[in-house]
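Chain naming here is simple, since letters A, B, ... match the order of the sequence lines and numbering starts at 1 in each.
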2 protein chains.
Amino acid sequence: MTARTSPEAAREIPEATVARLPVYLRALTSLTEAGTATCSSEELAAAAGVNSAKLRKDLSYLGSYGTRGVGYDVEYLRYQIAREIGVTQDWPVVIVGIGNLGHALANYSGFRSRGFRVVALLDADASRHGELVAGVAVRPFDDLAAIVRDNDVAIGVIATPAPAAQDVADRMVEAGISSILNFAPGVLSVPEGVDVRKVDLSIELQILAYHEQRKAQQARPDGSVDEVPVPLVEQGLVDQGRVS
Amino acid sequence: MTARTSPEAAREIPEATVARLPVYLRALTSLTEAGTATCSSEELAAAAGVNSAKLRKDLSYLGSYGTRGVGYDVEYLRYQIAREIGVTQDWPVVIVGIGNLGHALANYSGFRSRGFRVVALLDADASRHGELVAGVAVRPFDDLAAIVRDNDVAIGVIATPAPAAQDVADRMVEAGISSILNFAPGVLSVPEGVDVRKVDLSIELQILAYHEQRKAQQARPDGSVDEVPVPLVEQGLVDQGRVS
DNA sequence: AGGAGTTTGTGAACGCGAGAACAAAATCTG
DNA sequence: CAGATTTTGTTCTCGCGTTCACAAACTCCT
Ligand SMILES: NC(=O)c1ccc[n+]([C@@H]2O[C@H](COP(=O)([O-])OP(=O)(O)OC[C@H]3O[C@@H](n4cnc5c(N)ncnc54)[C@H](O)[C@@H]3O)[C@@H](O)[C@H]2O)c1
Ligand SMILES: NC(=O)c1ccc[n+]([C@@H]2O[C@H](COP(=O)([O-])OP(=O)(O)OC[C@H]3O[C@@H](n4cnc5c(N)ncnc54)[C@H](O)[C@@H]3O)[C@@H](O)[C@H]2O)c1
């Protein structure tokens, strides 16, 4: 690993690894709850659904937190990963668009328990203002800038209809938000330095449909109804976006 | 492209390409609605948020549907992609776990309009049975096998709490479902030939948090509050799971 | 008709990630 | 204490995906 020419060079964690760290974190939390104090890379890899070599390589980017011949201290490793991700502190989050999906998100308890705190629910529809969802009041969308400023909000969630999403994103960026989780379909355009991640249910289903169609096609034309001729997938598809 | 040793060899579309086809499909639908009859790879790539070379290579796996010097016929290409994905037909879908999230999913109109039909809503909680959500009644989970058989259901959605997810998945597979979209956190174990895709809100937020933390760290220690020292991302993160 | 201009489809180069394999480091055993 | 055993951290190789760059193919204009 030749250090890049930069002075400190820090640890530059590959994006694929970053995407798996939360999975390891969850697996470690499960192990803790099960009372396990120590685990090998093999065990943890199984719990996370990945290859053990991949797991070890991923962890090596963070440092040397294991002990050869022994394994990893579950609690210690869990803390190190949480610190690396940045979820030892609580991140304030705003949700915009409190419709079907927004309500579900606001009610989702997994937010709190994983290092995120919903500080505001915003909606453009005045008839929703004042409504309490999971103890938080729905407020006018125009309060965004003030809320972001007062609470140091860096992360915003968009759950509005698609046509409003770009507008909302622009206003979020303007207000100082630099990370957006977008549930509305379509492409968001944001300035450099702003991260966007997209969750698109229809795309996921369509990917499944494609593979489903291939399976069906492979059984039909031959006439023979054979079982799983080509193993498409089995497990451990931690990497979002890949199936096999 | 050397044809694999198999007899027909068909077109083997790379997984990364499959994951982008739905994005192109949506972009083309937008163009159609905007009244555009023809478009270049450059225009379509912009609408989909990807590099135009990548778009052309992706489309080349499907066939030669463009005209050099002209571009693509929007409607024709849209149909070809829809056919390739398999969404010219309607796919019956069952949703299991009609709580917060399940309600939102059941109410989601984007299902229907994109080639999927919710044929049943299932929940283990008897007090929910009979409730109508978007015109579909909530039924006992034990009806699963019959519903899958009668409606030829291949795709199932899991929106139950995490502890129940593996059980539900097992029952789905047993009933004949071979594609699962899982919203519950944790790793599902399924037999070969069954596809699982996972949507995990917390993981997405944690990935954002990681990058957010890096941005903050890069501004602080230097003392200087410079603007975006290293361009982390800008746009076009079509590929789920990557940020930059 | 012929040349200029466009735009597709693809060959080739490159970089990143996955996995196998192994050396180093720790524990355990006798 | 020495050797066997376990398990990590890392090196190496391979394959996939992205991107560049360009020839082929089509249109348009004179
Ligand atoms: N419901 C689902 O399960 C689901 C699944 C996948 C994707 N989505 C997407 O998520 C988004 C929301 O879906 P939904 O079913 O909750 O829709 P919805 O219509 O129920 O809710 C949208 C909410 O956004 C508010 N809104 C509209 N414009 C706004 C603006 N400019 N600023 C602030 N708020 C605004 C509306 O008042 C409404 O309350 C949609 O883009 C949808 O495609 C939903
Ligand atoms: N609400 C969200 O926004 C959100 C976001 C991300 C992930 N999730 C995940 O989605 C899942 C559902 O979340 P929710 O908020 O809707 O939970 P919820 O508790 O509101 O709903 C769960 C539903 O599943 C039903 N259920 C439980 N066990 C079952 C079983 N064995 N078979 C059939 N049905 C069963 C329950 O009766 C309940 O109706 C959870 O795993 C959660 O972690 C939710």
*Is a salt bridge present between B/Asp200 and A/Arg26, judged by a nitrogen-to-oxygen distance below 4.0 Å?*
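Yes, this pair counts.
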
Determine: side-chain N/O of [X] to OP1/OP2 of [N], distance under 4.0 Å, yes or no.
{"X": "A/Tyr72", "N": "D/dG9", "answer": "yes"}
{"X": "A/Lys54", "N": "C/dG19", "answer": "yes"}
{"X": "B/Asn51", "N": "D/dC20", "answer": "yes"}

_By the side chain to side chain donor-acceptor pair (under 3.5 Å) test, which pairs, at least two apart or in different chains, include something from residues 155-167 of chain A?_
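Sorted result for residues 155-167 of chain A: A/Gln166-A/Asp170.
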
Starting at atom [atom1] of [X], determine the distance to atom [atom2] of [N], rounded to an integer number of angstrom.
{"X": "B/Asp58", "N": "D/dG17", "atom1": "CG", "atom2": "C1'", "value": "10 Å"}
{"X": "A/Ile13", "N": "C/dG17", "atom1": "CD1", "atom2": "P", "value": "12 Å"}
{"X": "B/Tyr65", "N": "C/dT10", "atom1": "OH", "atom2": "C1'", "value": "17 Å"}
{"X": "A/Leu62", "N": "D/dG9", "atom1": "CG", "atom2": "P", "value": "10 Å"}
{"X": "B/Glu15", "N": "C/dA18", "atom1": "CD", "atom2": "P", "value": "14 Å"}
{"X": "B/Leu77", "N": "C/dG9", "atom1": "CG", "atom2": "C1'", "value": "14 Å"}
{"X": "B/Tyr61", "N": "C/dT8", "atom1": "OH", "atom2": "C1'", "value": "15 Å"}
{"X": "A/Leu55", "N": "C/dG19", "atom1": "CG", "atom2": "P", "value": "12 Å"}

Report the residues that fulfil salt bridge (Lys or Arg N to Asp or Glu O under 4.0 Å) with [X], sequence neighbours left out, ordered by chain and then residue number.
{"X": "A/Arg56", "result": "none"}
{"X": "A/Arg114", "result": "none"}
{"X": "B/Glu174", "result": "none"}

*Map B/Thr67 and A/Arg56 onto DNA chain C by nearest heavy atom, then report which one ends up closer to the 5' terminus.*
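Closer to the 5' end of DNA chain C: B/Thr67.
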
*asked:* Going by salt bridge (Lys or Arg N to Asp or Glu O under 4.0 Å), name the pairs with one or both residues in residues 31-52 of chain B, residues two or more places apart or in two chains.
replied: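 Output for this query is empty, none listed.
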
*How about A/Leu25 and A/Ile85: do any of their side-chain heavy atoms sit closer than 4.5 Å?*
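The answer is yes, as the side chains (C-beta and beyond) meet within the 4.5 Å cut-off.
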
*Is a donor-acceptor pair below 3.5 Å formed from side chain B/Lys57 to base D/dT19, judging by atom type as modelled?*
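Side chain to base: pair present.
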
*List in chain and number order the residues that pass ring-ring contact (aromatic ring centres under 6.0 Å, His included) with A/Tyr79, two or more places apart in sequence or in another chain; answer none if no residue qualifies.*
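For A/Tyr79, no residue satisfies ring-ring contact (aromatic ring centres under 6.0 Å, His included) once neighbours in sequence are set aside.
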
_By side-chain contact (heavy atoms from CB on, under 4.5 Å) - contacts of B/Pro161 (at least two apart)_ =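 If we apply the side-chain contact (heavy atoms from CB on, under 4.5 Å) test to B/Pro161, skipping adjacent residues, the hits are B/Pro163.
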
*Please list residues of residues 28-45 of chain B whose heavy atoms come under 4.0 Å from any atom in DNA chain C, ordered by number; otherwise none.*
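Those residues are B/Ser40, B/Ser41.
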
Nucleotides 1-6 of chain C: which of its N/O atoms have a protein N/O under 3.5 Å away?
none

